[in-house]
2 protein chains.
Amino acid sequence: MKLSESEENYIKSIYNLQEKTEKVNTNSLANFLNTSPASITDMLKKLKIKKLLEYKKYYGFRLNEAGNNEALKIIRRHRLWEYFLVTKLGMEWEKVHDIAEELEHVSSPDLINKLDIYLGKPKIDPHGDPIPDEKGKIIELKQKALKNWPLKRNAIVSSVSNQTPEMMEMLNHYGIAIGSQIKILKAFEFDGSLQIKIARNPDCIISGQAAKNIFVYDN
Amino acid sequence: MKLSESEENYIKSIYNLQEKTEKVNTNSLANFLNTSPASITDMLKKLKIKKLLEYKKYYGFRLNEAGNNEALKIIRRHRLWEYFLVTKLGMEWEKVHDIAEELEHVSSPDLINKLDIYLGKPKIDPHGDPIPDEKGKIIELKQKALKNWPLKRNAIVSSVSNQTPEMMEMLNHYGIAIGSQIKILKAFEFDGSLQIKIARNPDCIISGQAAKNIFVYDN
DNA sequence: AAATAAATTTAGACAAATCTAAAAAATAAT
DNA sequence: ATTATTTTTTAGATTTGTCTAAATTTATTT
């Protein structure tokens, strides 16, 4: 299926939001993409016509199987390019996202498969996210960044990727350590910050930055 | 200067056509880009407003210095990606053009400079065309593909890149050999074929395909 | 040099992707 | 169970890049 750059961006974003919630709603997608809710509705109609979306007016939407497959192709391209930028060009993993965002729209399957082979068919990208293979299959990670964890689901802290003294100090302060029980109570879309509950301590708020660096797995 | 993908395509095409003729005209650019002449006029107005073009209504146009610099940046990206596709991903040089055409619009200077370093700052792309450096400078090649040679300018055949028996047979037939005097009398934009004069032989027509593989230099 | 042909530009229309403001529907609150 | 609030959709406008058809300008013929 031939998709415009814009359609691809919507599909990818819906896919990403679906990781956290069953059904996606207009406002959260508008917020995520920095567009108006009206634009979202417009695009939803198009994607529904293209049969990539389950969408009932006023009641939210989600990708159907075809939509999911398209999303996985886009994500595969994105993550392979990120891997390339970090491992071959020596860019820092915090800085490659925007460039991969552009490269991902170049959609020649031959290019992507050759790139995949050249990179040694990596399974995980520099941010710790899995890279779909040519069939769209992704390895199941027990471990995920806390920022990608669903709301209100218990987890155990498995690792911390940015082990600076400042980071460790903060974790200490909140009583977060490897093995801690953790649960997200609320996610603020505005800045990615999270209200969390650690073991039996009182609730606390951590930044989106911190939430990218704390990894957890199922309880 | 921030340019749209479309603007970039026009600028690059004008640059390429300028290699062969002093002033470019509406119809030849329309033909080159497979659009209508009316679309060309529309875009010329925009590029003139952006001060990238010298353009006098009805009398043709050409890039000014700013336009040339933009063109060189786009061409640098295009040729570096072609080099990457051939030398790193193992694609064939006849097949990389379309993909490079898409990749060239990703315009992060940091990306391109890191790619350049990674590739070893190549000076010539897989088609034998020079790659502009970060300042837009290109090495002066005495040797150029015949297809890029200006009309009615004497040249000497310096080499032939596709030395298949079929190719050699044809060259033989026309009396084309290394060292032959050669001159283009007319170029057919439709298929890239050329009417040429070799030494004192009668005129003949060669295909665009052949014209890509015959290299010449100044007399 | 007047008529014809070719090239170029203008006028007006259209699709894609976006917006703002207003209307409609669903949810929450009293 | 009404009312108020929030969310979502519609209506109508805008920008970019494109088109066709008609008008204009330049070039070519006779």
Side-chain angles (χ1 to χ4, degrees), chain A residues 1-14 17-18 20-50 52-62 70 74 101-102 104-105 107 186-190, chain B residues 1-14 17-18 20-50 52-62 70 74 101-102 104-105 107 186-190:
Chain A
M1 173 152 338
K2 183 71 196 145
L3 297 169
S4 74
E5 206 165 308
S6 215
E7 289 169 331
E8 289 191 346
N9 284 333
Y10 278 84
I11 289 170
K12 192 185 47 163
S13 302
I14 296 169
L17 289 176
Q18 272 178 199
K20 298 213 77 180
T21 46
E22 263 303 295
K23 284 220 166 178
V24 185
N25 46 282
T26 305
N27 270 358
S28 61
L29 183 54
N31 175 61
F32 191 82
L33 282 170
N34 264 301
T35 54
S36 69
S39 304
I40 302 297
T41 305
D42 289 346
M43 184 58 89
L44 293 179
K45 286 181 197 161
K46 273 190 246 177
L47 295 179
K48 192 181 183 183
I49 289 168
K50 293 201 170 187
L52 298 169
L53 203 67
E54 281 167 31
Y55 167 42
K56 197 182 148 201
K57 260 188 180 182
Y58 291 103
Y59 286 93
F61 46 91
R62 60 180 287 114
E70 291 298 332
I74 302 161
E101 201 85 337
E102 294 190 59
E104 76 190 8
H105 299 295
S107 62
K186 182 150 178 50
F188 299 98
E189 280 172 14
F190 169 67
Chain B
M1 173 152 336
K2 182 73 196 143
L3 297 168
S4 74
E5 207 165 307
S6 216
E7 289 169 331
E8 289 191 346
N9 283 333
Y10 277 82
I11 289 169
K12 191 185 50 161
S13 302
I14 296 169
L17 291 176
Q18 271 178 198
K20 299 215 76 183
T21 46
E22 264 304 295
K23 285 220 164 176
V24 184
N25 45 280
T26 305
N27 270 358
S28 60
L29 183 54
N31 176 61
F32 191 82
L33 282 170
N34 264 300
T35 54
S36 70
S39 304
I40 303 297
T41 305
D42 289 344
M43 184 57 91
L44 293 180
K45 286 182 197 162
K46 273 191 245 176
L47 295 179
K48 192 181 183 183
I49 289 168
K50 293 201 171 187
L52 298 169
L53 203 65
E54 281 167 31
Y55 168 41
K56 197 182 147 203
K57 260 188 183 181
Y58 292 102
Y59 286 94
F61 46 90
R62 60 179 289 114
E70 290 299 333
I74 301 161
E101 201 85 335
E102 293 190 60
E104 76 190 8
H105 299 296
S107 62
K186 182 149 177 51
F188 298 98
E189 282 173 12
F190 170 66

**Q** At under 4.0 Å between heavy atoms, what does A:K56 touch on the DNA or RNA strands: base, sugar-phosphate, or nothing?
**A** nothing
**Q** Whether A:Y59 contacts D:dT9 is assessed here as follows: a side-chain N or O lying under 4.0 Å from the phosphate OP1 or OP2. Is that the case?
**A** no
**Q** Any chance you could measure B:I14, atom CD1, to B:F32, atom CZ, to the nearest 0.5 Å?
**A** 10.5 Å
**Q** Could you check how far CG of A:L29 sits from C1' of D:dT7, rounded to whole Å?
**A** 14 Å
**Q** Categorize A:F61 for me: base, sugar-phosphate, or nothing, with a 4.0 angstrom heavy-atom threshold over every strand shown.
**A** nothing
**Q** Examine D:dT10: is either OP1 or OP2 under 4.0 Å from a nitrogen or oxygen in the side chain of A:K45? Give yes or no.
**A** yes
**Q** When all nucleic acid strands are considered with a 4.0 Å heavy-atom cut-off, which category describes A:T41: base, sugar-phosphate, or nothing?
**A** base
**Q** Check this one for me: any side-chain N or O of B:K46 less than 4.0 Å away from OP1 or OP2 of D:dG17?
**A** yes
**Q** Can you tell me how far C1' of C:dT18 sits from CD of A:E7, to the nearest Å?
**A** 14 Å
**Q** Under 3.5 Å, side chain of B:R62 to main-chain N/O of B:E22, donor-acceptor pair present?
**A** yes
**Q** How many angstroms lie between atom CD of A:E5 and atom CD1 of A:I74, to the nearest 0.5 angstrom?
**A** 10.5 Å
**Q** My understanding is that only one of A:E70, A:E101, A:E7 makes a side chain to side chain contact (heavy atoms under 4.5 Å, CB included) with A:K12; could you say which?
**A** A:E101
**Q** From C-beta outward on A:S4, which listed nucleotide comes closest to its side chain: D:dG17, C:dA17, C:dT9?
**A** C:dA17
**Q** Within the sub-3.5 Å range, which N or O atoms of nucleotides 19-21 of chain C have a protein N or O partner, and how far apart are they?
**A**
{"residue": "C:dC19", "atom": "OP2", "partner": "A:S36", "partner atom": "N", "Å": "3.1"}
{"residue": "C:dC19", "atom": "OP2", "partner": "A:S36", "partner atom": "OG", "Å": "3.1"}
{"residue": "C:dC19", "atom": "OP2", "partner": "A:S39", "partner atom": "OG", "Å": "2.3"}
{"residue": "C:dC19", "atom": "N4", "partner": "A:D42", "partner atom": "OD2", "Å": "3.4"}

**Q** Can you find a side chain N or O atom of A:S6 that sits less than 4.0 Å from OP1 or OP2 on C:dT18?
**A** yes
**Q** Could you walk me through whether B:K50 and B:L3 pass side chain to side chain contact (heavy atoms under 4.5 Å, CB included), step by step?
**A** CA-CA 10 Å; B:K50 293 201 171 187; B:L3 297 168; 4.2 Å; yes
**Q** Give the rounded distance in Å between these two atoms: CG of B:L3 and P of D:dT15.
**A** 20 Å
**Q** Between D:dT7 atom P and A:K23 atom NZ, what is the distance in whole Å?
**A** 18 Å
**Q** What is the distance from CG of B:L47 to P of D:dT16, rounded to the nearest Å?
**A** 13 Å
**Q** Would you say a side-chain N or O of A:N25 is under 4.0 Å from OP1 or OP2 of D:dT7?
**A** no
**Q** What is the distance, rounded to the nearest whole Å, between atom CD of A:E8 and atom P of C:dA17?
**A** 11 Å
**Q** Are the side chain of A:T21 and the backbone N or O of A:L17 linked by a donor-acceptor pair below 3.5 Å?
**A** yes
**Q** Do any side-chain nitrogens or oxygens of B:N27 fall under 4.0 Å of OP1 or OP2 in C:dA6?
**A** no
**Q** In Å and rounded to the nearest 0.5 Å, what is the CG to CG distance from A:D42 to A:L47?
**A** 11.0 Å
**Q** Send over the distance from B:M43 CE to C:dT10 P, rounded to a whole Å.
**A** 16 Å
**Q** Report the distance from atom NZ of A:K57 to atom P of D:dT9, rounded to the nearest whole Å.
**A** 8 Å
**Q** Backbone N or O of A:G60 within a donor-acceptor pair of the A:K23 side chain at under 3.5 Å?
**A** no
**Q** If each of A:Y58 and B:G60 is mapped to the nucleotide of DNA chain C with the nearest heavy atom, which maps nearer the 5' terminus, i.e. the 5' end?
**A** B:G60
